[in-house]
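Residue numbering restarts at 1 for every chain, and letters A, B, ... go by the order of the sequence lines. Atom set for the values below is all heavy atoms of this structure, side chains included, hydrogens, waters and symmetry mates excluded.
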There are 2 protein chains.
Amino acid sequence: MTEPAARRPVASRPRTRRGQDTREGILRAAEAVIGELGFAAASIADITRRAGIAQGTFYIYFQSKDEVFRELVIEMGKLTRAFLAEAVADAPDRLTAERRGLRAFLGFVGTRPTLYNIVMEARFVAPDAYRQYYTTFARGYGQNLAAAVREGEIREGDAEIRAWALMGMAITLGERFGIWEGEADLDRIVEEVFDMLERGLRP
Amino acid sequence: MTEPAARRPVASRPRTRRGQDTREGILRAAEAVIGELGFAAASIADITRRAGIAQGTFYIYFQSKDEVFRELVIEMGKLTRAFLAEAVADAPDRLTAERRGLRAFLGFVGTRPTLYNIVMEARFVAPDAYRQYYTTFARGYGQNLAAAVREGEIREGDAEIRAWALMGMAITLGERFGIWEGEADLDRIVEEVFDMLERGLRP
DNA sequence: CTGACACATGAATCAGTCGTCATATTGAAA
DNA sequence: TTTCAATATGACGACTGATTCATGTGTCAG
């Protein structure tokens, strides 16, 4: 684990349909098992058992537990971004887009606590993938905000800082009201938050 | 780990000065080692080596690795709260207090990435301690905001939702600008954020 | 001073996992 | 139908690391 990545034969991409399916099966099993038990507690045996394959088969497609995990994190990122892009697609202006984005995100995490767990644990298991996850998000977010400032839709201000601040809100609200508390009124939460964000806290 | 907490002889509190010192030493060593390597990678041997004691001694004071970790998380919570309370003590009004609190927090995490790591990892190792950490924070936060609304210092609004939203901002900004980027201008960040929070995003 | 309890030791136990490998099986191209 | 690269198997070796325990040593109340 601390070793400098011994030169093991690179697990090659599958060349047949059968291989592709198996690889995909491992990925899905890993998502379920790691999302539920956490990375440390999930064993390769757990994953292969769930995928319905032999332990050795795992190593045909991945070099290590870390490697599946990395791939999973990257996958989650794409998934979340696609989901949000879709949710926000035809918003008339930036503030509406932000509002819809937050609402969609809060719903999203509630239905996929597993994915949320994986991303969070990446902080320890695959720090670079973790950073990339948020950095990629923040970049897109920042560009949108900057554009909105140019359009005069929102007040002048540092887009990057705002992006990270807003992201942070979403993450924590998602955990508190999307995951911990099942029956939260997500619409009301979004309203409250955007009341604060749009008009400010001053009396 | 999944087992229903086997009934092991409860590791009693030390009865002598010597014992207290040893226990404290274990706690400090655990903080350093776990904070650096992460919970999974940190072994009891690492901890006892760092504390300068034999492996067996560990089990005189703690029942398991999990147990030290829990205690560490709780300790971190008290520490952070005390630090913030101090930083905010004589603020003239709530918005100023929030501003100072955020500024202090951003500085705090930069100097103690170790503590931050521990709290984050608690999400997986000791979920209830993790929740309690944030819930305790949010409660205090919420009470302050509610009081400020009553005083007319900030606009009407749901204190709990606001508390979690603001906490989330602080957490993510702390990670991005306090830990990842060493030389960020924290004062400017606080200004940007509070410009948004106080006046809102609308043009 | 001394008995008794608190504390300390570290080798041994024990449970578990990762990753390998020698041996099948599959399926599609020739 | 044959053939062989790709894929699959699962038992096993090697190792890691948490926890225990039988055996000491320190400390302090009386």
Side-chain angles (χ1 to χ4, degrees), chain A residues 1-30 33-34 37-70 125-126, chain B residues 1-30 33-34 36-72 124-126:
Chain A
M1 188 159 254
T2 314
E3 291 309 309
R7 195 169 297 100
R8 223 174 301 157
V10 174
S12 55
R13 298 259 143 186
R15 291 178 207 293
T16 71
R17 180 60 202 271
R18 186 182 172 218
Q20 279 168 33
D21 289 349
T22 304
R23 190 173 195 282
E24 186 61 23
I26 294 174
L27 233 21
R28 297 285 68 78
V33 172
I34 295 179
L37 271 47
F39 181 82
S43 69
I44 303 285
D46 288 332
I47 295 172
T48 54
R49 194 178 313 121
R50 175 128 188 173
I53 59 173
Q55 287 213 61
T57 306
F58 179 92
Y59 292 93
I60 294 173
Y61 299 100
F62 298 96
Q63 310 211 53
S64 63
K65 207 165 82 168
D66 278 64
E67 201 186 271
V68 232
F69 187 76
R70 296 186 74 74
V125 182
Chain B
M1 187 160 256
T2 313
E3 294 305 310
R7 196 170 296 100
R8 222 174 303 157
V10 174
S12 54
R13 297 259 145 187
R15 290 177 208 293
T16 70
R17 181 59 202 271
R18 186 182 171 215
Q20 280 168 33
D21 289 348
T22 304
R23 190 173 196 282
E24 186 61 21
I26 294 173
L27 233 21
R28 296 285 67 81
V33 173
I34 295 179
E36 214 168 294
L37 272 47
F39 181 82
S43 69
I44 300 287
D46 289 331
I47 295 172
T48 54
R49 193 177 313 121
R50 175 132 187 170
I53 58 173
Q55 288 217 94
T57 305
F58 177 92
Y59 291 91
I60 294 172
Y61 300 99
F62 299 95
Q63 309 211 55
S64 64
K65 205 165 89 168
D66 278 64
E67 202 186 88
V68 231
F69 188 75
R70 295 185 75 74
E71 187 151 336
L72 232 35
F124 303 95
V125 182

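Partners of A:F69 by ring pair (Phe, Tyr, Trp, His ring centres under 6.0 Å), not counting sequence neighbours, listed by chain and number: A:F39. Qualifying side-chain hydrogen bond (donor to acceptor under 3.5 Å, both in side chains) partners for A:E24, counting only residues two or more places apart in sequence or in other chains: A:R28. Contacts of B:R18 classified as side-chain hydrogen bond (donor to acceptor under 3.5 Å, both in side chains), with partners at least two apart in sequence or in another chain: none. Partners of B:R50 by side-chain hydrogen bond (donor to acceptor under 3.5 Å, both in side chains), not counting sequence neighbours: none found. Every residue meeting the side-chain hydrogen bond (donor to acceptor under 3.5 Å, both in side chains) condition with B:S43, not counting sequence neighbours, appears here in chain and number order: B:D46. The side-chain contact (heavy atoms from CB on, under 4.5 Å) test applied to A:A42 returns A:V33, A:I34, A:L37, not counting sequence neighbours. Evaluation of the side-chain contact (heavy atoms from CB on, under 4.5 Å) rule for B:E71 yields B:R13, B:R23, B:L27, B:F62 as partners, not counting sequence neighbours.
Remark: P of D:dT7 and CZ of A:F62 are 13 Å apart, rounded to the nearest angstrom. The CD1-P distance, from B:I26 to C:dC7, rounds to 11 Å in whole Å. Between the C1' atom of D:dT9 and the CZ atom of A:R49 lies a distance of 16 Å, rounded to the nearest Å. Taking atom CG of B:D46 as the reference point, atom C1' of D:dT16 lies 12 Å away to the nearest angstrom. Atom CD in A:Q20 sits about 15 Å away from atom P in C:dG27, given to the nearest Å. Following rounding to the nearest Å, A:I60 (CD1) and C:dG19 (C1') show an atom-to-atom distance of 13 Å. Taking atom CZ on B:R17 and atom C1' on D:dA29, their separation rounds to 19 Å, with Å as the unit. Rounded to whole angstrom, the span from the OH atom of A:Y59 across to the P atom of C:dT17 amounts to 12 Å.
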Atom pairs under 3.5 Å: protein N/O with N/O of nucleotides 4-6 of chain D:
{"residue": "D:dA6", "atom": "OP1", "partner": "A:R15", "partner atom": "NE", "Å": "3.3"}

Nucleotides 10-15 of chain C: which of its N/O atoms have a protein N/O under 3.5 Å away?
{"residue": "C:dG10", "atom": "N7", "partner": "B:G56", "partner atom": "N", "Å": "3.3"}

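Side chain of B:S43, nearest nucleotide from C:dC18, C:dC7, D:dA18: D:dA18.
Taking CD1 of B:I26 as the start and OH of B:Y61 as the end, the distance is 7.0 Å to the nearest 0.5 Å.
A donor-acceptor pair is defined here as one N or O able to donate and one able to accept, closer than 3.5 Å; no such pair exists between the side chain of A:T57 and the backbone of A:I53.
Within the nucleic acid shown, B:A42 comes within 4.0 Å of sugar-phosphate atoms alone, with no base atom in reach, counting heavy atoms only.
Comparing B:F58 and A:I44, the nucleotide of DNA chain C nearest to each residue sits closer to the 5' end for B:F58.
The phosphate of D:dA8 has OP1 or OP2 within less than 4.0 Å of a side-chain N or O from A:Y61. The side chain of A:S64 contributes no N or O atom lying less than 4.0 Å from OP1 or OP2 of C:dC18.
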